[in-house]
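To keep things clear, I will list the structure first and then write my remarks on it.
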Amino acid sequence: MAYDIVIAQTTTADEEQARALARGAVESKLAAGVHIDAPITAFYWWKEKVETAQEWRISYMTTADRLPALEAWLHERHPYDVPQWVTLPVTGGSEAYLSWVVDETTRD
């Protein structure tokens with residue numbers, strides 16, 4: 001069976017905010033599951049200088065169909081002016097897991 005599954009990622013500067021963005025997406029059925037990575041160090045250009053910050057990476061497992069709604073939801077709640085938002089296609093995986101992602105992101 002073919003699935004159109006994606007992993008969408010963002011970062012935030014605060015673990016509490018990361019948890020809220022993770023839980024809210026799952027409760028809203030915008031993502032089947034979410035991983036929050038331990039603090040990472042980010043280096044990036046911002047306002048003409050190199051910045052460094054500690055951030056938490058949030059990875060959402062969702063379907064391509066739910067992705068636009070997840071992105072809109074996240075941008076309404078994210079504290080950054082320009083939050084990272086990248087998506088990665090899932091090109092394989094166990095049928096059971098991929099089916100679970102589809103089932104959990106289907107609106108009732």
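By convention here, the first residue in the shown sequence is residue 1. All values below come from the heavy atoms of this structure, side chains included, with hydrogens, waters and symmetry mates left out.
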**Request:** List the atom of Gly24, the atom of Trp73, and the distance in Å for their closest heavy-atom pair.
**Result:** C-CZ2, 3.4 Å
**Request:** Run the numbers on Leu88 and Val6 for side chain to side chain contact (heavy atoms under 4.5 Å, CB included), then give the verdict.
**Result:** CA-CA 6 Å; Leu88 310 163; Val6 295; over 6 Å; no
**Prompt:** Looking at NZ of Lys47 and CG of Asp81, how far apart are the two atoms once the value is rounded to the nearest 0.5 Å?
**Reply:** 6.0 Å
**Asked** With Thr52, which residues qualify under side-chain contact (heavy atoms from CB on, under 4.5 Å), at least two apart?
**Response** Thr41, Phe43
**Request:** Of all the heavy-atom pairs spanning Ala32 and Val101, show the shortest one and how long it is.
**Result:** CB-CA, 3.6 Å
**Prompt:** Is any side-chain heavy atom of Leu74 less than 4.5 Å from a side-chain heavy atom of Leu21?
**Reply:** yes
**Complete:** Residues at least two apart in sequence or cross-chain that pass side-chain hydrogen bond (donor to acceptor under 3.5 Å, both in side chains) with Ser59, listed by chain then number, are Gln9
**Prompt:** Does His75 reach the side chain of Trp85, with side-chain heavy atoms less than 4.5 Å apart?
**Reply:** yes
**Request:** Check whether any side-chain heavy atom of Thr105 sits under 4.5 Å from a side-chain heavy atom of Leu70, and report yes or no.
**Result:** no
**Asked** Any side-chain donor-acceptor pair under 3.5 Å between Tyr80 and Glu55?
**Response** yes
**Message:** Measuring from atom CG of Asp4 to atom OG1 of Thr62, what distance do you get when rounded to the nearest 0.5 angstrom?
**Reply:** 10.5 Å
**Message:** side chain to side chain contact (heavy atoms under 4.5 Å, CB included), that's the test. Do Met61 and His35 meet it? Break it down for me.
**Reply:** CA-CA 8 Å; Met61 279 60 76; His35 292 150; 3.7 Å; yes
**Asked** What residues form a side-chain contact (heavy atoms from CB on, under 4.5 Å) with Ala69, not counting sequence neighbours?
**Response** Leu30, Arg66
**Asked** Using 4.0 Å as the upper bound for N to carboxylate O, is an ion pair formed by Glu51 and Lys49?
**Response** yes
**Asked** Closest heavy-atom contact between Ala22 and Ile36?
**Response** CB-CD1, 3.9 Å
**Asked** Under a 4.5 Å cut-off applied to non-hydrogen side-chain atoms, are Gln17 and His78 in contact?
**Response** no
**Prompt:** More than 12 foreign heavy atoms under 6.0 Å from CZ of Arg23: is that the case here?
**Reply:** no
**Prompt:** How are the rings of Tyr97 and Trp100 set to each other: parallel, tilted or perpendicular (split at 30° and 60°)?
**Reply:** tilted
**Asked** For Ala13 and Trp56, which heavy atoms make the closest approach, and how far apart are they?
**Response** O-CZ3, 3.2 Å
**Complete:** Nearest heavy-atom approach of Thr12 to Pro79 is OG1-CG, 3.9 Å
**Complete:** Heavy-atom nearest pair, Leu67 first then Ala8, reads CD1-CB, 3.9 Å
**Asked** So do Val86 and Gln84 actually touch side chain to side chain, heavy atoms under 4.5 Å?
**Response** yes
**Prompt:** When Arg57 is tested against each of Thr10, Asp37, Thr11 for side chain to side chain donor-acceptor pair (under 3.5 Å), which residue passes?
**Reply:** Asp37
**Complete:** d(Thr63 OG1, Leu98 CG) to nearest 0.5 Å is 11.5 Å
